[in-house]
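All values reported here derive from a predicted model rather than from experimental measurement. Residue numbering restarts at 1 for every chain, and letters A, B, ... go by the order of the sequence lines.
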2 protein chains.
Amino acid sequence: MLQDSLKVLLVKRTSAPFKGRWELPGECVDIELDDNTDMSALRNIKALTAATPQFFEQLQAFSGINRDPRGFSVSLVYYALISPQCIAVKPSAVEEVKWMDLSAIQDLAIAFDHKQIIATARSQLQQKALYSMIPVYCLADQFTIGQLKAAIEAIIAKPIQRKSLIRRVEASGMLEALDEKVKSGGRLAQLYRLKSDTETVYFERSLSFG
Amino acid sequence: MLQDSLKVLLVKRTSAPFKGRWELPGECVDIELDDNTDMSALRNIKALTAATPQFFEQLQAFSGINRDPRGFSVSLVYYALISPQCIAVKPSAVEEVKWMDLSAIQDLAIAFDHKQIIATARSQLQQKALYSMIPVYCLADQFTIGQLKAAIEAIIAKPIQRKSLIRRVEASGMLEALDEKVKSGGRLAQLYRLKSDTETVYFERSLSFG
DNA sequence: TAAATAGTGTCTCTAAGACATTATCGC
DNA sequence: GCGATAATGTCTTAGAGACACTATTTA
């Protein structure tokens, strides 16, 4: 999720190991409830935020003998992008759930190998931000080009050319301009939204790696 | 593996369900032997072929209630590229192990959802062939540009421009020319090999999608 | 010499980078 | 008017596509 900066949803552990530390949300697959692990991951998200993620995909499996002091473990990790409109955390869980700024993760003690998992997810998201329109899924349902530019720059941690972004927006055909403009500190900015039933566009070139 | 055409290593099932059908090799993780699932997958490969794959990575996890008649199951799928020099199947397993032409998979009854898994792997390999030097790992340790071109075209099932490939080979700096040329039906072809300790190069553009 | 494949030269084309220019806004 | 942000215009640049042309081999 993006609001000023990229954020990740963490929960506080209530039992050993790593009691009291923050970790990524997740629990065991419930074969009674979940037809597959995708459904299981989505169920986890909905238990915390009531958000239906606009973007959701499997990251990768993490496994090993050293990642949990209790022994060998395997985690199937998914990541999702959700709109800042949907950040509300379920009241029942407010105490132990928190949106954590990605830049703050660095200096935090995180349970298990979850700091490494977050880094991997971020790296994958950075790559995809360079060659796809995926960053639009971090935004509210109405947004300006300037906000999209800020989202991409937050993800890749580098500035991009506004002109290049506008060319991509036009080429993608994913967005439609609304009959509305919005204040932005200077000239009014055109509002856009996702066209309905549009598919995520992937480009054949990446933006510059610097 | 590539020899004339892309091939995938299959084993014949010796027990129900799907007894007698071909499937992808794989077995349960052995916590005694495997520090993580990567090692487990490599152990599986070595049990069949004695090859050390030049390229090896996790594809994704497949899971669900319907993919195995015995109930809910999860498979962590890896794929590897190995040189045609290493295709020898361990003698102990010759009966039940086979390199199957990818184009022949279509009309074959494959166990479980493994046909779908193969399709997913192929699709991922196709994408990577368009923006990376990964196809070099399908080849023997000495090869010509023409062979590399054939490998890429076998993977993506489309012709590419020889000139574009040469530009990429030069830009990548991954290969070195040997003091040797080889017959090819016309003018002798320059032999290349991977430089030692070279890293796989990824490009910022994909070759055309057609 | 012809056919085949290897390798080069070079023009075009596309889309990103860079950055100037114009258009609006609030103050 | 001034500073700030939005939007456009346009020249440059990198690298792929296309394809002609040359080089070298075998038949």
- Query: When the ring planes of A:F112 and A:F18 are compared, do they come out parallel, tilted or perpendicular, using 30° and 60° as the limits?
  - Reply: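 Because their plane-to-plane angle is over 60°, the rings of A:F112 and A:F18 count as perpendicular.
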Just checking A:N66: does its CG atom have more than 12 heavy atoms from other residues, nucleotides or ligands closer to it than 6.0 angstrom?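 No - once you tally the heavy atoms of other residues, nucleotides and ligands closer than 6.0 Å, there are 12 at most.
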Interatomic distance, [X] [atom1] vs [N] [atom2] [rounded to whole Å]:
X: A:I166; N: C:dA18; atom1: CD1; atom2: P; answer: 16 Å
X: A:K149; N: C:dA16; atom1: NZ; atom2: C1'; answer: 15 Å
X: B:R168; N: D:dG15; atom1: CZ; atom2: C1'; answer: 9 Å
X: B:I152; N: D:dG17; atom1: CD1; atom2: P; answer: 11 Å
X: A:F143; N: D:dT5; atom1: CZ; atom2: C1'; answer: 18 Å
X: A:I145; N: D:dT8; atom1: CD1; atom2: P; answer: 9 Å
X: A:L191; N: D:dA6; atom1: CG; atom2: P; answer: 12 Å
X: B:K163; N: C:dT5; atom1: NZ; atom2: C1'; answer: 16 Å

Any luck finding a side-chain donor-acceptor pair between B:Y79 and B:E57 under 3.5 Å?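 Checked: B:Y79/B:E57 side chains pair up, N/O donor to acceptor below 3.5 Å.
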Under 3.5 Å, is there a donor on one side chain and an acceptor on the other for B:T120 and B:Q116?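 B:Q116 and B:T120 do have a side-chain donor-acceptor pair below 3.5 Å.
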Does [N] have its OP1 or OP2 closer than 4.0 Å to a side-chain nitrogen or oxygen of [X]?
X: A:R162; N: D:dA7; value: yes
X: B:Q161; N: D:dA18; value: yes
X: A:S164; N: C:dG17; value: yes

Worksheet item: Can you find a pair of side-chain heavy atoms, one from A:I134 and one from A:I155, that are under 4.5 Å apart?
Response: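 No, side chains not in contact.
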task: Check whether any side-chain heavy atom of B:L148 sits under 4.5 Å from a side-chain heavy atom of B:Y192, and report yes or no.
output: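 The answer is no; the side chains never approach within 4.5 Å.
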Margin query: Heavy atoms within less than 4.0 Å of DNA chain C: which residues of residues 169-190 of chain A have one? Give them sorted by number.
Written below: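 A:G186, A:R187, A:L188, in order of number.
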Per A:R167 side chain, nearest of listed nucleotides D:dG17, C:dG7, D:dT10:
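Given the options D:dG17, C:dG7, D:dT10, the side chain of A:R167 is closest to D:dT10.
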*asked:* Using a distance-only criterion (donor-acceptor N/O pair, under 3.5 Å, no hydrogens), is the base of C:dA15 paired with the side chain of A:R205?
replied: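 Flag set: donor-acceptor pair detected.
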Could you tabulate the donor-acceptor pairs under 3.5 Å formed by side-chain atoms of residues 183-190 of chain B, not counting sequence neighbours?
{"residue": "B:S184", "atom": "OG", "partner": "B:R187", "partner atom": "O", "Å": "3.0"}
{"residue": "B:Q190", "atom": "NE2", "partner": "B:L178", "partner atom": "O", "Å": "2.6"}

